[in-house]
Every structure is written in structure tokens, then in C-alpha cells.
Amino acid sequence: MSNIMVRWSAIGVASIMASPLFLAGVALDSWMQNISRPLSIDIELDRSIIVVLPILIMATLVGAIIAVVPCLVGTYVLALAGNQNVALRLPIVWGLVGALLILLPIKLANPNVTMVEEPIFSGLIIAAIGSALLCRRGASWRDEPLAESWLLARRRGVARAV
């Protein structure tokens with residue numbers, strides 16, 4: 001019997017939330033780069049929601065499709081690593097691994113890129129860290145104090161052993 005239990009719904013939530021986290025990170029970074037100017041919001045709610053809502057729904061669906069494989073692989077690998085070393089179970093480790101795994105390919109592809117200039121990098125980092133932390137929320141090991149609740153969840157069919 002396996003020592004690791006993963007709540008697959010946490011991976012689903014992390015995949016679905018990757019796109020909104022990315023968009024929030026891009027918006028926050030864009031706002032922070034222009035923080036000296038006053039922020040004025042002139043929105044007509046009836047028209048803008050009709051235009052923005054379908055775009056956000058499509059972005060969430062596309063982002064979930066893109067994020068599901070990294071979330072599955074990352075959760076599986078980090079859960080196995082956490083089984084070998086208790087320190088690798090910490091949420092800070094999962095968040096740092098998520099950030100490094102999104103930054104490493106970017107820096108390898110173009111070593112001269114500066115991460116500060118483009119808002120897209122902030123969005124990617126925030127989405128990676130948020131998704132990694134949401135995936136960590138669904139991982140548990142039997143020797144943890146909260147393992148009893150996972151055993152009950154597994155009996156109900158909510159969690160599955162890896």
C-alpha cells in the first residue's frame with residue numbers, strides 16, 4: 001500500500017486556476033510598472049462584461065488544458081520526492097520548484113532575457129507558484145498528522161493513492 005495520497009480535485013483546481021492567476025499576474029505587473037500615474041477606470045458594466053466574460057472563459061479553458069500536464073507531473077514527482085525527504089513536503093519547496101520550472105526553460109532558451117521588463121514573466125511566475133501550492137494542498141503522506149482525514153477521504157473515493 002502506498003504511503004502517498006493525492007487528491008486529484010486539487011490538481012484540477014490548480015489547472016483551472018492557472019489562467020486566472022496568470023492574467024492577474026500580468027495585470028498586477030502592468031499596473032506596478034505604471035504606478036506613478038493615477039489609475040482611472042471607466043467601464044460600462046453592461047457592455048464590457050459581455051465582451052470580457054467569454055474571453056476569460058476561453059482563456060481559463062485554454063490555460064487549464066496547457067497546465068494539466070505540468071500539474072500532474074509536478075505533483076507526482078514532488079509527492080514521490082516528499083516521500084523520500086520530509087523537507088520536500090513543505091509548501092515553500094513546492095512553490096519554489098514551480099517558479100524554477102517555469103523560469104529555467106525561459107532562461108535556457110534566451111539567456112539575455114531580463115525578467116523585469118515584461119509583465120508576462122510575472123504572470124507565469126505567479127501562475128506557476130499558485131498552481132504548485134494548490135497541487136501541494138492535495139498531497140498527503142500517511143506519516144503526517146492529518147493522514148487520518150486522508151484515509152477517510154480515500155475510503156469515500158475522493159482521494160487516490162499514488
Side-chain angles (χ1 to χ4, degrees), residues 1-30 32 53 55-162:
M1 194 152 175
S2 179
N3 188 34
I4 306 164
M5 285 184 259
V6 173
R7 218 176 248 229
W8 298 108
S9 60
I11 295 172
V13 168
S15 299
I16 291 170
M17 288 302 296
S19 182
L21 287 170
F22 171 75
L23 294 174
V26 169
L28 182 66
D29 190 274
S30 297
M32 290 296 292
L53 194 59
I55 294 171
L56 288 176
I57 291 171
M58 290 303 294
T60 301
L61 292 174
V62 171
I65 291 169
I66 294 170
V68 72
V69 173
C71 286
L72 283 169
V73 172
T75 301
Y76 182 73
V77 170
L78 284 171
L80 290 176
N83 195 30
Q84 301 298 320
N85 186 348
V86 179
L88 296 178
R89 299 177 187 178
L90 294 172
I92 187 77
V93 173
W94 285 56
L96 287 173
V97 168
L100 287 175
L101 288 179
I102 199 70
L103 292 176
L104 190 62
I106 294 171
K107 285 304 269 186
L108 288 176
N110 187 1
N112 298 327
V113 69
T114 56
M115 303 289 181
V116 180
E117 295 175 1
E118 297 295 326
I120 193 168
F121 295 122
S122 297
L124 287 171
I125 292 168
I126 289 173
I129 292 171
S131 294
L133 292 176
L134 287 169
C135 287
R136 169 56 184 96
R137 183 78 177 121
S140 179
W141 295 263
R142 287 194 197 277
D143 53 351
E144 283 186 330
L146 297 177
E148 296 87 24
S149 64
W150 284 106
L151 291 173
L152 293 174
R154 183 166 183 218
R155 288 185 190 132
R156 289 181 289 187
V158 178
R160 193 169 135 197
V162 175

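Reckoned from all heavy atoms, side chains included, excluding hydrogens, waters and symmetry mates. Index from 1, following the sequence.
Between the W141 side chain and the A79 main chain, a donor and an acceptor come within less than 3.5 Å of each other.
Atoms CG and CZ, on L90 and R136 in that order, are 8.0 Å from each other to the nearest 0.5 Å. Of the inter-residue distances, the one linking I4 atom CD1 with L78 atom CG reads 10.5 Å to the nearest 0.5 angstrom. A distance of 8.5 Å separates CG in L103 from CZ in F121, rounded to the nearest 0.5 Å.
Residues satisfying the side-chain contact (heavy atoms from CB on, under 4.5 Å) criterion with L88, sequence neighbours excluded, are A81, N85, V93. Taking N110 as the reference, N112, V113 meet the side-chain contact (heavy atoms from CB on, under 4.5 Å) condition, with sequence neighbours excluded. Applying the side-chain contact (heavy atoms from CB on, under 4.5 Å) rule to L96 yields the partners I92; only residues at least two apart in sequence or on another chain are considered. Residues satisfying the side-chain contact (heavy atoms from CB on, under 4.5 Å) criterion with A59, sequence neighbours excluded, are S19, L23.
Partner of T60 under the side-chain contact (heavy atoms from CB on, under 4.5 Å) criterion, chosen from I55, I65, I16: I16.
The number of heavy-atom neighbours closer than 6.0 Å to CD1 of I120, taken from other residues, nucleotides and ligands shown, is 12 or below.
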Would you please test W8 and L72 for side chain to side chain contact (heavy atoms under 4.5 Å, CB included) and show each step?
CA-CA 9 Å; W8 298 108; L72 283 169; 3.6 Å; yes
Determine all donor-acceptor pairs shorter than 3.5 Å in which one atom belongs to a side chain in residues 123-130; sequence neighbours excluded.
none

